[in-house]
Amino acid sequence: MELARTGKNDLAMEAFARLAEQWPQRPEPRVNLAVLQARRGDLPQARATLEQALRSDPTYATVFAQWQRLTAELARQAYARADLLPTAAPASDSLNPLPLELVDMPMPPAPAAPHAPAEPAAAVASSGSSASDTTASPLEPASALPQASASLEPGPGGSTGQGGRHLGWILTGALLAVVAVGGAWAARRPAGTMNPTPDTQPQATLREEPRQPTPAAPEERLIGIYRDIGKGRLDLALPRAQELARDLPNFQLVQQLHGDLLLATAGLLDAPATPASAAGLPVSVESAQRLRSQALTRLEALRSPPPPGTVPRQLLDLPPDVTLAVAVDTSRSRLYLLERSGAGRLQVRSSHYVSLGSLGTGKRSEGDQRTPLGVYWITSRLEGKQVGDFYGPGALPINFPNEHDRRLGRTGANIWLHGTPSREYARAPRSTNGCVVLANDDMRMLLRELQPRRTPVLIARHIDWVAAQSLGSDRQFVRELLGKWQSLRAQGDLRRLAGLYARQFDNGEVNLTGWLQKLSREASDGRLTRRQVGEPTVLSWQEQGDALFVEFPEIDSTQPGRSLRRRQYWAHDSGQWKIFSEGVSE
C-alpha cells in the first residue's frame, strides 16, 4: 500500500499480484492491483482483475461498486467509438473510473501451522510491517474455490443478473432475430469445432493433426456473438465482442454491441431506452437507430439465404467465359457474388452487406439519392488513389443510365460500387447518394475478381431465386430470336431485318432511319455477311413491359485480331420483340 501511495506503481503491482496468488480467497490484493492497472490506462485488464476479486468474495460492496464504474467507463468509450456520443463529451463524474480507491487489507492473526508463507511477508515488509504481522491464518486450498460462474453474483447498487433481464431490448428487435438464426448458424459451423467426448473418441485412437481453421470473416464473428446472446451466454458473447471491437475499432456496430454487453453485465440497463442513455450518457438516438437498423438488416438477410441450386431469374443466359456475376437484393441490403461452378452452373460464392441510397431505390433523376434498379454492366475499375479515401480502396462504375433507363426518361450519373472511408467499417443500410457501398475488405475482393465490361450487375428490390433448369425454355426462345436476327443480317435481307427494330429505335446517336442507313452501307460492302457472332449474355428485366439486354462478341472474318462487342436492348411490344437500341464497342 505504501508503494502505491508513493507512486511506485510497478513495484506495488508486483507485490499485490504475489499477495493475490498467496491469498486467492481475499479480494483486497486484486482490488488494489486493478486500481493500479486502471491508473496505467489498462481498463479491460483492470475490469478482469476486479471480476476475479468479486469471485473470491461476491458480497464485497466496494469491489462491486468499483467494478460497475469501470465497466460503465468502458461502455462509454465503446459508444464514443461508435459515434453515439458528442465528439467532445467529457466523462461524467459518476462514470469516471479514476481515481478508483485502494482498499486496506487487514491481516488475520498468525496461524499455528509451522509453515508460514514467506513470499507475502517479504512483499509487505517494504511498508514497514514485520513478517509476524502479515502471516495469514490457514485458508482452504485454491482447488476448493468455487468455479467462476457464467455471470457474477449480485452485489449492492445493482445486479449483473439484470443484464439478462434487459437483453430483450439491447439493440431492440435485433437480438430477437438471433433465435431464428441460431439453428442455421450452428449447422454451418466448421467441422472440428466441438471437442470429442470419451464416448466418441477413445484416448488410444490416433488422430490426424487438426487443420488450421480459416479465420472467420468479421460478419461471421458478429453473428456468432448475436447467437451467444440469443442463448443467454453473456460469458461467451462479451469477450468475443471485446476481441472483435479490438480487431476492428472502426466497426461502429460492433462497438455499440460491446458497450451494450458491458452495461448488461454491470446491471446498468434499467429502463427500456437506448442502452447508452440508460447509463446516463448523452447518446445520439439517431446514430443508435442507424446501427440498430444495420444489425437487423444483417440478421434478417442471414436468416433466409438463397435456396441451394437457385439463380436469379434475371440472369437468363451467361456464356462460359462469364465466370462471375453480381446480384444486389436491395430489400435485404445484400450483395451476392455468383460464380460458375465446375459443372458450368452459377452458384452463390459469397454474400455481403451493402449500404444503399438514403432515400431508397428506383432512381429517376440526378441527385435524388436513390439507388437505380435494373440490369447493368461494370464499365471500368477506379483505384483508391484515383478517387480518394471517401471511396475506400476503389470503385467499380456501372452503366447507369442504360438505354432502358433513358427510354424511360431517367437521368443521373456516377453510380458505383465502392468502399467506405477508412474511419468507418460499414455504413447504415440507407446512407449513400445512390451508390452501392461495401466494407473495404469486401470491396478489395471485388476489385480483384470482377472484370470490367464483362461482369453483369443485377440490382432488384427482391431477387427471384429460381432453379437453374427452369430457365431452359426462356433461354432457348431468346437464342432462337437472336438466331433469326443473325440469319437475316448474314443474308443481307434488310427489309425483313428492319422488321426486328422498333419504330422508336434510338441508341443515343441515330434514330431508326439513321441506323437502317448504316446497316445498308455495311451490307453493300459485305461487312454484315463477314461478321461471326459468339455466345451471348442475356439479362431479363420486367418493368413497364418485358425487356431483354443482350451482349455478345462479334469478329470480322477478315480481321480476326479485332473483336467488337455488340449490345442490344429488346422490348416486348404488342406481342412482338423489337430492338429499341443497339451499339458496338471496341
Side-chain angles (χ1 to χ4, degrees), residues 301 304-332 334-351 361 372-378 398-399 402-405 449-451 453-487 500 533-554 565-573 575-582:
S304 307
T310 60
V311 297
R313 182 186 295 277
Q314 293 90 340
L315 302 182
L316 189 57
D317 197 0
L318 299 181
D321 63 337
V322 175
T323 58
L324 294 172
V326 170
V328 179
D329 188 327
T330 63
S331 68
R332 298 177 180 273
R334 206 79 190 165
L335 180 149
Y336 298 93
L337 179 63
L338 296 106
E339 181 179 38
R340 189 176 298 281
S341 67
R345 292 183 176 178
L346 281 182
Q347 60 186 15
V348 175
R349 171 170 143 183
S350 59
S351 73
T361 59
L373 299 173
V375 284
Y376 304 96
W377 276 269
I378 291 172
I398 63 174
N399 66 320
N402 62 24
E403 298 304 323
H404 179 64
D405 295 318
E449 301 280 351
L450 301 187
Q451 184 179 1
R453 293 182 293 177
R454 300 292 296 120
T455 303
V457 177
L458 161 66
I459 307 176
R461 282 194 178 90
H462 301 276
I463 293 179
D464 187 9
W465 296 92
V466 299
Q469 57 269 27
S470 70
L471 299 176
S473 59
D474 290 341
R475 187 180 297 120
Q476 181 62 29
F477 172 80
V478 174
R479 286 187 172 246
E480 291 174 358
L481 185 65
L482 292 176
K484 179 180 179 180
W485 170 85
Q486 181 184 358
S487 176
L500 294 179
V533 175
E535 291 289 321
T537 298
V538 182
L539 312 176
S540 66
W541 188 251
Q542 291 181 325
E543 181 185 16
Q544 300 184 28
D546 293 344
L548 294 173
F549 306 79
V550 183
E551 184 183 80
F552 48 84
E554 203 172 62
R565 300 203 68 84
R566 184 171 295 271
R567 188 169 296 168
Q568 296 177 334
Y569 294 83
W570 295 68
H572 193 234
D573 185 20
Q576 291 185 321
W577 284 98
K578 303 278 188 178
I579 301 172
F580 65 84
S581 183
E582 182 178 326

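Note that this is a predicted model, so its numbers are computed, not measured. Values below: all heavy atoms of this structure, side chains included; hydrogens, waters and symmetry mates excluded.
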**Asked** If we only count heavy atoms from C-beta on, is the H404 to E543 side-chain gap below 4.5 Å?
**Response** yes
**Message:** Quick check for you: to the nearest 0.5 Å, what is the distance between I459 atom CD1 and T330 atom OG1?
**Reply:** 8.5 Å
**Asked** Is there a side-chain contact between L482 and V550, using heavy atoms and a 4.5 Å cut-off?
**Response** yes
**Fill in**
Taking every heavy atom of F552 against every heavy atom of P536, the minimum-distance pair comes out as CB-CA, 3.9 Å
**Prompt:** What is the ring orientation for Y569 with F549, classed by angle as parallel under 30°, tilted 30 to 60°, or perpendicular over 60°?
**Reply:** perpendicular
**Item:** Least distance between heavy atoms, V533 atom then E554 atom
**Value:** CG2-OE2, 4.3 Å
**Request:** Please test L539 against L318 for side-chain contact (heavy atoms from CB on, under 4.5 Å), starting from the C-alpha separation and ending with a verdict.
**Result:** CA-CA 8 Å; L539 312 176; L318 299 181; 4.3 Å; yes
**Prompt:** What pair of heavy atoms forms the shortest contact from I463 to A327, and how long is it?
**Reply:** CD1-CB, 3.6 Å
**Prompt:** Looking at R453, R567, Q568, R566, which one forms a side-chain hydrogen bond (donor to acceptor under 3.5 Å, both in side chains) with E551?
**Reply:** R567
**From CA spacing to verdict: side-chain contact (heavy atoms from CB on, under 4.5 Å), V478, W577** = CA-CA 10 Å; V478 174; W577 284 98; over 6 Å; no
**Asked** Does the T455 side chain pair with the main chain of Q451, one donor and one acceptor, at a distance under 3.5 Å?
**Response** yes
**Request:** Dump the intermediate steps for side-chain contact (heavy atoms from CB on, under 4.5 Å) on L338 and V326, then the final yes or no.
**Result:** CA-CA 6 Å; L338 296 106; V326 170; over 6 Å; no
**Item:** Inter-residue atom distance R349.CZ - S341.OG, 0.5 Å rounding
**Value:** 13.0 Å
**Request:** Find out whether the Lys NZ or Arg CZ of R565 is both under 6.0 angstrom from the six-membered ring centre of W377 and within 45° of the ring's axis.
**Result:** no
**Message:** With a 4.5 Å cut-off on side-chain heavy atoms, are T310 and V466 touching?
**Reply:** no
**Prompt:** Quick one: CG on D321 to OG1 on T537, what's the gap to the nearest 0.5 Å?
**Reply:** 7.0 Å
**Prompt:** Would you say the ring centroid of F477 lies under 6.0 angstrom from that of W570?
**Reply:** no
**Request:** Mind listing the closest non-hydrogen atom pair of P456 and L324 along with its distance?
**Result:** CD-O, 3.7 Å
**Selection residues 455-474 - residue pairs positive for salt bridge (Lys or Arg N to Asp or Glu O under 4.0 Å), sequence neighbours left out** = R313-D464
**Request:** Taking all non-hydrogen atoms of both residues into account, name the closest pair between D405 and L373 and its distance.
**Result:** OD1-O, 4.4 Å
**Asked** Which pair of non-hydrogen atoms, one from P312 and one from L471, has the smallest distance, and what is that distance?
**Response** O-CD1, 4.4 Å
**Prompt:** Considering residues at least two apart in sequence or located in another chain, which fulfil the salt bridge (charged side-chain N to carboxylate O under 4.0 Å, His left out) criterion with E403?
**Reply:** R406
**Prompt:** Would you call E535-R479 a salt bridge at under 4.0 Å N-O?
**Reply:** yes
**Request:** May I ask you to check whether over 12 heavy atoms, not counting those of Q542, lie within 6.0 Å of atom CD?
**Result:** no
**Spacing of R454 atom CZ and I378 atom CD1 [to the nearest 0.5 Å]** = 12.0 Å
**Prompt:** Is there a donor-acceptor pair closer than 3.5 Å between any side-chain N or O of R340 and the backbone N or O of V322?
**Reply:** yes
**Asked** Do you know which of L316, L458, N402 makes side chain to side chain contact (heavy atoms under 4.5 Å, CB included) with W541?
**Response** L458
**Request:** First locate atom OG of S487, then atom CD of E480, and finally report the distance between them rounded to the nearest 0.5 Å.
**Result:** 13.0 Å
